[in-house]
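Read through the structure below, which is laid out as structure tokens, and then see the notes.
The sequence lines fix the lettering, A, B, ..., with proteins before strands; numbering per chain opens at 1. Keep in mind that what you see is a predicted model, and the values were worked out from it rather than measured.
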2 protein chains.
Amino acid sequence: MKTLHSPVGVIRSAGYRLTRQRRLVVDILAESHEHLDAEAIYQRAKGRDARISLATVYRSLALLKQTGIVQEHSLGEGHGHFEATQPSPHYHFTCRTCGKVVEFEAPQVLGAVRRLCGKMQLKVVEVHLLLSGYCSHCGIGRMDGDDIQI
Amino acid sequence: MKTLHSPVGVIRSAGYRLTRQRRLVVDILAESHEHLDAEAIYQRAKGRDARISLATVYRSLALLKQTGIVQEHSLGEGHGHFEATQPSPHYHFTCRTCGKVVEFEAPQVLGAVRRLCGKMQLKVVEVHLLLSGYCSHCGIGRMDGDDIQI
DNA sequence: GTCCATGCAAACTGTTTGCACGCGC
DNA sequence: GCGCGTGCAAACAGTTTGCATGGAC
């Protein structure tokens with residue numbers, strides 16, 4: 001059973017240096033509870049340290065992902081979005097009209113996945129469930145099952 | 001209730017022209033039951049019609065996606081993969097070692113999603129469930145729960 | 001014949017990399 | 001001080017677009 005450390009502790013105990021830039025990226029993701037993309041993280045980082053570069057943001061994100069501190073999600077926009085790893089797994093819905101992202105938990109999904117993958121002898125490391133459609137606001141008047149398929 | 005037409009019928013009844021190139025892309029996806037990316041589709045298409053261009057493949061895929069004839073999946077490689085829309089929804093597992101993609105059905109997942117989204121007033125149009133980990137072959141000796149999180 | 005679709009090449013977006021300098025340990 | 005990490009700019013992959021020509025209807 002893995003003990004939970006602070007991001008800073010994880011970075012150091014994995015043998016990586018704790019640089020100003022890495023700490024900055026961690027902080028930005030820990031503070032913001034949105035799903036930022038690399039560019040947005042870079043912009044925020046630049047606000048606090050004008051010298052940081054986009055390449056470093058990407059390199060930091062790769063390292064943080066590898067150590068499990070952050071997770072990357074594909075939210076249907078064709079590029080990555082990042083968030084600090086949460087204690088309990090959750091999934092995402094994105095609205096096709098307004099772009100809003102709704103997070104939700106779904107323990108049943110994990111159960112079903114676990115059962116299925118046990119049968120198929122698959123060792124699952126990551127689970128991404130991504131829904132898209134229309135949120136409660138944008139879905140008004142969209143009862144015309146035209147592209148509603150579920 | 002939407003009637004099922006042949007891809008060709010769907011294209012024409014949506015008011016689009018049925019060109020040699022569009023038919024070719026449809027055929028390639030219908031024949032191959034793999035998850036091809038745009039480049040792979042382009043290579044196969046060139047084999048049958050040397051004049052086709054990659055841009056047209058992309059344009060055709062966009063149109064076929066919009067009409068529901070094909071689906072795009074993000075299989076964790078950072079670029080899109082395409083397959084002909086199947087009658088019953090299914091999901092994907094990709095092996096981190098050998099890259100193999102395993103398809104599986106999971107009606108329970110759809111049920112859970114439907115229930116949750118009903119509560120949250122979300123109208124769901126698309127459901128993507130993507131697992132990654134190690135397949136039965138590559139997973140041997142990987143019992144050391146180090147990065148196994150589910 | 002009309003107008004949408006195509007081919008080509010150039011543009012664009014997101015991401016990665018090579019290399020010399022900088023800084024955490 | 002050693003060696004990993006950074007900044008910069010250039011390279012890269014995947015995808016999109018502008019424009020003149022071609023082909024479906």
Side-chain angles (χ1 to χ4, degrees), chain A residues 7-28 35-67 69-82 99, chain B residues 7-28 35-67 69-82 99:
Chain A
V8 164
V10 175
I11 291 173
R12 304 186 69 155
S13 65
Y16 298 109
R17 293 182 183 173
L18 183 59
T19 63
R20 188 178 73 249
Q21 295 88 334
R22 287 175 183 171
R23 196 194 295 259
L24 193 43
V25 172
V26 169
D27 287 351
I28 287 168
H35 300 86
L36 304 173
D37 56 25
E39 182 63 33
I41 295 167
Y42 172 55
Q43 290 306 332
R44 295 192 184 198
K46 261 206 310 196
R48 300 198 214 170
D49 176 352
R51 287 170 303 172
I52 197 172
S53 80
L54 181 56
T56 295
V57 169
Y58 274 108
R59 285 189 274 230
S60 300
L61 286 170
L63 183 143
L64 296 171
K65 223 167 51 167
Q66 187 193 299
T67 51
I69 297 167
V70 315
Q71 286 185 301
E72 179 169 9
H73 299 284
S74 158
L75 297 178
E77 277 188 50
H79 63 275
H81 289 251
F82 301 84
Chain B
V8 164
V10 174
I11 292 173
R12 305 186 69 156
S13 65
Y16 299 109
R17 292 181 184 171
L18 182 60
T19 62
R20 188 178 72 249
Q21 294 89 332
R22 288 176 182 169
R23 196 193 296 255
L24 193 43
V25 172
V26 169
D27 286 350
I28 286 168
H35 300 87
L36 304 173
D37 57 24
E39 183 64 32
I41 294 167
Y42 172 54
Q43 291 306 333
R44 296 192 184 198
K46 261 208 308 197
R48 300 198 215 170
D49 176 353
R51 287 170 302 172
I52 197 171
S53 79
L54 182 54
T56 295
V57 170
Y58 275 107
R59 284 189 275 231
S60 299
L61 287 170
L63 183 142
L64 295 172
K65 222 166 53 169
Q66 187 193 299
T67 51
I69 296 167
V70 316
Q71 286 186 300
E72 181 170 8
H73 300 284
S74 158
L75 298 179
E77 276 188 52
H79 64 274
H81 288 251
F82 300 84

In this structure, how many angstroms lie between the P atom of dC23(C) and the CZ atom of Arg23(A), rounded?
16 Å

Among dG5(D), dG7(D), dG23(D), which nucleotide has an atom closest to any side-chain atom of Ile52(A)?
dG7(D)

With no angle test and no hydrogens, is the base of dG7(D) tied to the side chain of Arg59(A) by a donor-acceptor pair under 3.5 Å?
yes

His81(A) NE2 to dT15(C) P, in whole Å, measures 9 Å

Heavy atoms of Pro7(B) and Ile69(B) approach each other most closely as O-CD1, 3.6 Å

Could you please name the option among dG14(D), dT15(C), dG23(D) that lies closest to any side-chain atom of Arg17(B)?
dG23(D)

On DNA chain C, more 5' by nearest nucleotide between Thr56(B) and Tyr16(A) is Thr56(B)

Without decimals, in angstroms, what is the distance between Lys46(B) NZ and dT6(C) C1'?
16 Å

Base, sugar-phosphate, or nothing for Leu18(B), non-hydrogen atoms under 4.0 angstrom?
sugar-phosphate

To the nearest angstrom, the CD-P distance between Gln66(A) and dT16(C) comes to 13 Å

Sugar-phosphate only, base, or nothing, as touched by Gly80(A) at under 4.0 Å among non-hydrogen atoms:
sugar-phosphate

For Arg20(A) and dG24(C), give me the distance from atom CZ to atom P, rounded to whole Å.
7 Å

Could you give the CG-to-P distance, from Leu54(B) to dG14(D), as a whole number of Å?
10 Å

Donor-acceptor pair present, Arg12(A) side chain and dG24(C) base, under 3.5 Å
no

Taking the side chain as every heavy atom from C-beta outward, state whether Tyr16(A) and Thr67(A) have any pair of such atoms under 4.5 Å apart.
yes

Starting at CG of Leu64(A) and ending at P of dG5(D), how long is that distance when rounded to a whole Å?
12 Å

Determine: side-chain N/O of Arg22(A) to OP1/OP2 of dT6(D), distance under 4.0 Å, yes or no.
yes

Residue-phosphate contact under 4.0 Å: Tyr58(A) side-chain N/O, dT16(C) OP1/OP2
no

OP1 or OP2 of dG23(D) less than 4.0 angstrom from a side-chain nitrogen or oxygen of Gln21(B), does that happen here?
no

Using a cut-off of strictly less than 4.0 Å, decide whether Thr19(A) has a side-chain nitrogen or oxygen near OP1 or OP2 of dG5(D).
no

Contact check, side chains of Val26(B) and Ile11(B), non-hydrogen atoms, under 4.5 Å
yes

Check whether any side-chain heavy atom of Arg51(A) lies under 4.5 Å from a side-chain heavy atom of Arg20(A), and answer yes or no.
yes

Taking the side chain as everything from C-beta on, heavy atoms only, tell me whether Asp27(A) gets closer than 4.5 Å to Arg23(A).
yes

Could you tell me how far apart Leu61(A) (CG) and dG5(D) (P) are, to the nearest whole angstrom?
15 Å

